[in-house]
Amino acid sequence: MNASPDLHAVEPTPDPPPSGISRRTILRGGAALGAAALGGAALGLGTQGSEALKPRVEVPHLHGAGGSGPVRDIQPDGFDPTAFATRFDGGLVSRLPDGRALREYHFVAVDREIEVAPGVWFPAWTYNGGVPGPTIRCTEGDRLRIRFQNAGSHAHTIHFHGFHPANMDGVFEVVDPGRTFVYEFDAEPFGLHLYHCHTTPLRRHIHKGLYGAFIVDPPGGRSPAREYVMVINGFDTDFDGENEFYAVNTVAFHYMRHPLRARVGEKVRLYVVNALEFDLINSLHVHANFFDVYRTGTRLQPDEFTDTIMFCQGERHILELEFHHPGRIMFHAHQSEFAELGWMGFFDVSEG
Ligand SMILES: [Cu+2]
């Protein structure tokens, strides 16, 4: 906690609502579409959507079972969830005198408008310009040095989950705009962790986009697999304390348009981090398959074999699965409302 421990304090709205979209109008307009999508049809954000959506939201279509017409995707130069899912940042690597790896990172907090659904922009606070921030990847025992420069308009920090000294915790050393702070600690324990800003009001600082995945591999690594990072998140685009859009890796419905690829018989490993604010519980369900759950990724033996896993705020798990059949396999939050508001996607599974 910071000096002001009241996380529920009402923050003066820092930015004007960027659109007239409310969760209620989207749900009202998109419910039929969402239900159809859960049944396997393709969807957009709903040309059938309410009038309230029309003035400001350019409504996309999807090609597919029920879709036709032009496909409006996110801006080509914008954040690409497909690239993000497989991008692991090992930092600038050198050797310490004792032979261990030193991994150096440069993180810059910047305010930036990001596109969270086609045509829907959100005034984010970012690490290095993207939401989520870079996926840090290292091995247990490595030394991490993260130089954090705050080029944003508000005070921020980076709070890493994992072991580290109290003065590296990103709680008390608030970094004001224009200032720099260097975090340095050893990466442990192995597992799937996260980092996020820890400045109050906390939920607002996290929700604005200051979070990312932090993967610490066990010594010797994990078995070979096709790996994807999934940071499940949401956006309160009208600042009423409720999310209007939900997603995997920021862009609503992205993996409906751009399915994640896999092959029958290969091992797929998902690093799933729940960065959602305002909603207490999130979940992931994979259709037509079951997966091994490694809770927080801190043990090498699976804890559970299931097809649906729940995530509290800040919770994360490594999931491993092997597809038995080719085809389009849906995954989504099992909170149907979240799915209808963007948190769904496909695996495109080809013959091995
Ligand atoms: Cu912050």
Side-chain angles (χ1 to χ4, degrees), residues 81 84-91 93 100-101 103 105 127 132-144 146 158-164 168-170 183 185-196 198 206 211-233 248-249 255 260 262 266-276 281-286 289-323 331 333-334 343 345 347:
F84 174 84
T86 55
R87 187 181 293 142
F88 301 95
D89 190 340
V93 185
R100 288 187 300 146
R103 298 179 184 273
Y105 296 85
Y127 291 123
T135 297
I136 292 178
R137 187 158 194 178
C138 56
T139 299
E140 187 177 65
D142 291 350
R143 169 55 62 111
L144 300 185
I146 300 102
I158 310 178
H159 164 69
F160 293 88
H161 286 227
F163 301 158
H164 47 248
M168 291 292 133
D169 200 37
Y183 301 93
F185 51 88
D186 294 335
E188 52 186 348
F190 76 77
L192 173 57
H193 310 310
L194 74 158
Y195 62 84
H196 58 84
H198 211 296
I206 294 174
Y211 49 78
F214 173 28
I215 299 170
V216 181
D217 287 322
R222 295 181 187 273
S223 57
R226 183 190 294 264
E227 298 188 321
Y228 292 117
V229 175
M230 293 183 172
V231 178
I232 46 182
N233 51 3
V248 182
N249 300 335
Y255 299 110
L260 292 167
E266 75 175 346
K267 182 183 286 186
V268 176
R269 179 175 297 122
L270 308 176
Y271 295 91
V272 188
V273 175
N274 181 25
L276 189 65
I281 301 294
N282 204 340
S283 65
L284 179 151
H285 168 50
V286 179
N289 291 274
F290 274 56
F291 46 77
D292 282 319
V293 179
Y294 299 80
R295 302 188 71 85
T296 321
T298 48
R299 297 284 183 273
L300 295 176
Q301 299 304 318
D303 298 288
E304 195 178 347
F305 186 57
T306 184
D307 67 357
T308 306
I309 180 84
M310 187 169 73
F311 294 83
C312 192
Q313 291 182 341
E315 200 167 8
R316 61 276 179 194
H317 304 301
I318 296 175
L319 313 179
E320 289 181 357
L321 69 161
E322 190 182 305
F323 293 101
F331 61 94
H334 221 295
W343 183 164
F347 291 104

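- Evaluation of the side-chain contact (heavy atoms from CB on, under 4.5 Å) rule for S283 yields A333, H334, Q335 as partners, not counting sequence neighbours.
- Between F163 and D186 there is no side-chain heavy-atom pair separated by less than 4.5 Å.
- Within the 4.5 Å cutoff, side-chain heavy atoms of F331 are placed close to those of L260.
- The side-chain heavy atoms of I136 and D89, taken from C-beta on, include no pair separated by under 4.5 Å.
- Taking the six-membered ring where tryptophan is involved, the planes of F290 and F305 are tilted, since the angle between them lies from 30° to 60°.
- To the nearest 0.5 Å, atom CZ of residue F84 and atom CE of residue M230 are 11.5 Å apart.
- For the pair Y183 (side chain) and I158 (backbone), a donor-acceptor distance under 3.5 Å is present.
- With sequence neighbours excluded, no residue forms a side-chain hydrogen bond (donor to acceptor under 3.5 Å, both in side chains) with T306.
- Between Y294 and E320, the closest heavy-atom pair is OH-OE1, 3.1 Å.
- Classified by interplanar angle (parallel below 30°, tilted 30° to 60°, perpendicular above 60°), the ring pair H317/F311 is tilted.
- Listed here is the closest heavy atom pair of D169 and H164: OD1-NE2, 2.6 Å.
- Side-chain atoms of N274 come within 3.5 Å of backbone atoms of C312 as a donor-acceptor pair (strictly under, hydrogens ignored).
- Contact of the Y211 side chain with the N233 side chain is registered, since non-hydrogen atoms from C-beta on lie closer than 4.5 Å.
- Shown here for V231 and A213, the closest heavy-atom pair between the two residues is CG2-CB, 4.3 Å.
- Within the model, atoms CD of E188 and CG of L144 stand 10.0 Å from one another, a figure rounded to the nearest 0.5 Å.
- The side-chain heavy atoms of V268 and F291, taken from C-beta on, include no pair separated by under 4.5 Å.
- Judged as a side-chain hydrogen bond (donor to acceptor under 3.5 Å, both in side chains), and not counting sequence neighbours, Y127 has no contacts.
- Closest heavy-atom contact between M310 and I281: CG-CG2, 3.4 Å.
- Side-chain contact between E315 and N282: absent, with no pair of heavy atoms (C-beta onward) separated by less than 4.5 Å.
- In this structure the side chain of L284 reaches within 4.5 angstrom of the side chain of L319, judged on heavy atoms.
- R100 places a side-chain N or O within 3.5 Å of a backbone atom of G141 that can act as its donor or acceptor partner.
- Ring geometry for F214 versus F185: interplanar angle over 60°, hence perpendicular rather than tilted (30 to 60°).
- For R226, the salt bridge (charged side-chain N to carboxylate O under 4.0 Å, His left out) partners two or more places apart in sequence, or in a different chain, are E266.
- The aromatic rings of H159 and H196 lie perpendicular to each other, with more than 60° between the two planes, well past the 30° mark.
- Between I309 and V272, every side-chain heavy-atom pair lies at or beyond the 4.5 Å cut-off.
- The two residues G90 and Y105 make their nearest non-hydrogen contact at C-OH, 3.2 Å.
- For E304, the salt bridge (charged side-chain N to carboxylate O under 4.0 Å, His left out) partners are R295, not counting sequence neighbours.
- Without hydrogens or angle criteria, R103 side chain to G91 main chain gives no donor-acceptor distance under 3.5 Å.
- Applying the salt bridge (charged side-chain N to carboxylate O under 4.0 Å, His left out) criterion to R137, with sequence neighbours excluded, gives D217, E227.
- Heavy atoms only, all atoms of each residue included: H193 and P189 are closest at NE2-O, 2.8 Å.
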